[in-house]
Amino acid sequence: MSLPADMPVPVPPPLDVRGLTKSFGGFRAVDGVSLTVRANEIHALIGPNGAGKSSLIGCLAGALRADAGTIALYGADVTRLPLHRRVRKGLARSFQITSIFQEMTVEDNVRSAVAAVHDWTWAEALMPASRHGDVNAQAEAILARLGLGHRRAALAAELSHGEQRRLELGLALASGGSMLLLDEPTAGMGVDDIRGMTALIDGLRQTCSLLLVEHNMGLVLGISDRITVLRQGAVIASGTPDEIRRNETVKAAYLGRKAGDHAQR
Amino acid sequence: MTPVVLTYAAAVIALPVVAPSVPLATEILIFALATLGCHLLLGYGGLLSFGQGAFFGLGAYAGGLYALYGSGPWGANAIICVLGGTMVGAVAAALVGLVAIRRVGAGNRGHGGAVAFLMLTFAVAQVAYFAAYNMTGVTGGENGLLDVPRPPVSLGGAARFNLDAPLAFYAFVAGVLMLAVALLDRLVRSTAGRALIAIRENEGRAAAVGYDVARFRLSVFTLSGGLAGCAGALYAIFLGLVPLSAIDVMQSERIVVMTVLGGTGSLIGALLGTASFIMAADALSNIWPHWPLVLGVGIVLIVFFARGGLWSIGAGLVQGLAPGRASRRGKPAPDGTIGLQPGARS
Amino acid sequence: MQLYMSQLLNGIGLGMIYFLVAVGLTLVFGVMRFVNFAHGAFYLLGAYGTFTVMQVTGSFVLAVAAAVAAVALLALVMERAVLARIYALAPTYHILATFGVTLILEEAVKLLWSPAPQRVATPEMLRGLTQMGPFAYPTYRLTIIAVAALCALGLWYLLERTRYGALVRGGAESREVVSLLGIDVRRLFTVNFVLGAALAAFAGALVSPIRGADPGMGTEALAVAFVVCVVGGLGSFSGALAGALAVGILQSLATSLWGAGAGLVAYIAMALVLLVRPEGLMPRASRGAA
C-alpha cells in the first residue's frame, strides 16, 4: 500500500467520510462529520460521552442510515449499502457492548464469521460444516492470533470478560475486512488484559486500517497515528497525538467534560 | 444416518403399533411435516409465525384440486400432488415473506421486527380463511372441498402403487416425512445451518459479520411454507376432503402449539410435540369438549417452567441419569427463541 | 350518494372501534415492549359481559360499565399472575403465554355462554335514525363515533398533557429514564396494561348491539388490530388512529363494491402500504445509542 512520496498516484483512502449527519428525533447525534482514515493507520476517535462516537460508528458500519453525507470505502460510495454488503467490501466492526454468539462455541463463533463472507454455491452451503477445511483453517489462524486456541471448544458465554472482548475483536477480523471500526475494544477490561489488547490492535496495522473509538487516553495517545475529536456530534479537532494534546479547544472540551456529560443526557 | 434421522425412522416404524389407529398415526406424521416447518422457522430463523395454517390450507386446496381435476400424463399421481402442495405453500410463504420479513431488519432494537412479523403472519392466516370462506366456487366454502380422490403413486410406465389401504398410505406419508427429515437434518448441520443458528443467536452481529439476515430468513420462511403446503396436500388426500377448518386460524395456532410443546432444541422435538398433541387431543376431546381450556393452561405452564418443551424435559431426564457432562443444553436461548442448541453441536 | 355517505360513516365507526382495540395493544407494546395476544379476548369479554349484564338489568349503560370494570379487574389479575413472571423473557414467550391465556378465555366463553352467537339489543333511546341534512343515519352508530372520538380525545390528553402520559412516552423511549426518575415501573406497567384492556373491552361493549357477541370476534379484532399497529407504526398513538380509520373506511367502502371481498381489501391495501413503507405510516422516532 505504501507509495514513494514523490509518486503521488491518487490511491483512494480506505475510509473517507464527508459531511455525515444523523438525527434522532430533533437530536443531532452526528453533525456534519468529515474524516479520512489513511491506509494502515490507526485513527482514533475520541470525545466525551454522548459526543456521537457510537452513532457515527453505527452509520459507518451501516447499522444506522445516515440522514446526509457520504461514506466512501476504498473510493466506492457505500452510503446506501446495507451493512452486510459493506462487510463484503472490506469494512468490519466490533461492538462496544460485547456482541458475540453466546451459545455457540468459540470455534463456531469465528467459523460463522469467516463463512459469512464466502461466496457459497447452494451445494456448498448445504454441505456439512465440518467439511469446509478452508473456513476451518482460517478460523484456526484467527483463534491463534487472538490467543484463544486453547478455548476453542468452550461456549462463548463461558469465557472471561477479557476473552470475550478478544473474541469480539476476532469476529471483526474473521470477515477478512481491511478497514476495521473498533468501538471501545478495551471496554471494561483489567490492566493486564488492556496491555494484551493494545499489542493486538497495534499489530493489526500491518494488514488493516483502523478507526478506533477509545476512552483510554493512554492507549489512544500511545498507538494512534492520528486522532479526531468529536463533541456534540461535530468534529472539533483532528491531527496527530501531539497536536491534539496541545489543542486548546480539545482541552476545553475535556476540562468541561464532567459538566458536559450530565448536560448531554 | 444421524441420531435424529434414526429416531424418526424408529418412530415411524413404531407409531402404527403405538398409536390407537393407523389413521391417527398418519395424521401425526402429516402434521409433523407442518410442525417441522414451524420448528425450523422458530428454532433457526428466530421467527414465530401464526400463519402456517394458511400455507397448510393452501397446500390442501392445491392438492385436493389436483386430485379432483388433474388429468392426462400429469394427472392422478400422489407424488405430483404432494410436490404441487409444497410449491404452492412455498410460493405463498415467499410472497408473504417479501412483505413481512422486510420489517425484521437487522439491528432492529426491541425485537420490533420479529413482533411485526408475527402480527402480519397472524393477519395472513385470517385473510386466507376469509378468502377460502368466500371463494365457494373453488374451495366449497363452509362445506369444504368434497370427494377428493386419493391418487396412486405413479413412477412412470406401469409402476403404480395404490394408496387406498390405510397402511399403504401411511407408508407413503412416512416416506415423504423421512425424506424431509433427512434434508432438514442435513441443512441444520451444514454451513448454512450454522449461519441460521448465528442469526438466531444474535442477528445484529450476524449482519455485522456479513450475513444477509433477511435473505436467510426469507429462505427459511419459504421452506417452512413448503413443508406446511406439503402436509396440507397429504391431508387433503388423507381425509378425502378439505374442510374449511384446514385453513382457519386455529390451524395456524395448532401448528404453533405442537412446535412449542415439542421444543425447538432438536428436530426430534417436532415429532414429540406433534405426536403428544394429536394423541392428547384425540383422547381429551372425547372426554370433555372444552379441553382447549386445559391446553391453554398447559401452554402457560410451559412458558413458566419448561421453555425447552418436551424435548428439553426428555433431554434433562436423560442427562440427569447420565452423570458427568453438565451442560447448558436445555437453557432457553436468550434471544427470543425456544429451546436448546439445535444440531446439538455433535 | 346516500349509500356512500352512510358507508363512509360506517367506516369511520368501524375505524374508531378498531382504534380503541389497537391503541391498547400499541400502548402496551410501546411502553412495555410486550405483545399481548390476549388483547382480542378482552374485546370478546367486553361484548359478552355487556350481553349478560344487559339481560339481567336491562340497562345498557350499566352493562357497559360493568363489563369494562370486570375486564379491567381480570386484566389486573392477569398482569400480576402471568405477565409479571414473564416480562424479562423474550417476546416469543410473551406471545405464547398470552396465547395460552387466550385459549383459556375463549374456551371459557364457550363454556359459560355457548358457542352460538348472542344478540345484544340496541338501547331504547338510541334506536332509530338521526336526520343530518339530507342524510339519515342510525343514531346508535353515530353515538359510537361520538363516544369513541371522545375517548380518543381523552387518551390524547392523557398521553400528551399529563404526568402519566409523559411517563408512558418516556418509558417508550427508555425504560432506564423512567426508573431514574424514581418511578415504580411495575406500577406504570400495571396501570398501562389495565387501561389497554379496558379500552378493548369498551370497544367490544360498544360494538355488541351492532354485531352481537360470538366466540370468534376476539380473534377477528386481534388480527385487525395487529394490522393497524404494524401499518400505523408499532407503539404510535397517531399511527393507531390513522391506521384504524384507514382500515375501517376501506373495509366499509369495499363492502358496498364487493361484498364478499371486503375482508380482504383492507388487508391487501395494508400489504401494499408495507411494501412501500416497511416501517409503517407513522413510525415512532427511534433513538439509537448516542
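Lettering of chains follows the sequences in order, A, B, ..., and the numbering in each one begins at 1.
With a 4.5 angstrom heavy-atom cutoff, A:A174 does not touch chain B via any of its atoms. Using a 4.5 Å cut-off between heavy atoms, A:R111 contacts chain B through both its backbone and its side chain. Of the two parts of A:E107, neither the backbone nor the side chain holds a non-hydrogen atom closer than 4.5 Å to a non-hydrogen atom of chain B. Residue B:A195 does not touch chain A at all, counting heavy-atom pairs closer than 4.5 Å. Looking at A:A113, the atoms closer than 4.5 Å to chain B (heavy atoms on both sides) sit in the backbone and in the side chain alike.
Using a 4.0 Å cut-off between charged nitrogen and carboxylate oxygen, A:D119 and A:R88 count as a salt-bridge pair.
The choice from B:G193, B:A192, B:A198 that makes the most heavy-atom pairs within less than 4.5 Å of chain A is B:A198. Interface check for chain B: of the options A:V117, A:V135, A:N109, A:I100, the most heavy-atom pairs under 4.5 Å are formed by A:I100.
A distance-only check finds no donor-acceptor pair linking the side chain of A:Q206 to the backbone of A:G203 [under 3.5 Å].
Shown here is A:I97, whose CD1 atom has no more than 12 heavy atoms of other residues, nucleotides or ligands within 6.0 Å. A 6.0 Å sphere centred on CE of B:M178 holds more than 12 heavy atoms belonging to other residues, nucleotides or ligands.
Checking B:T2 against B:D185 by side-chain atom types alone, a donor-acceptor pair falls below 3.5 Å.
Ring planes of B:F55 and B:F221: perpendicular class, angle over 60° (limits at 30 and 60°).
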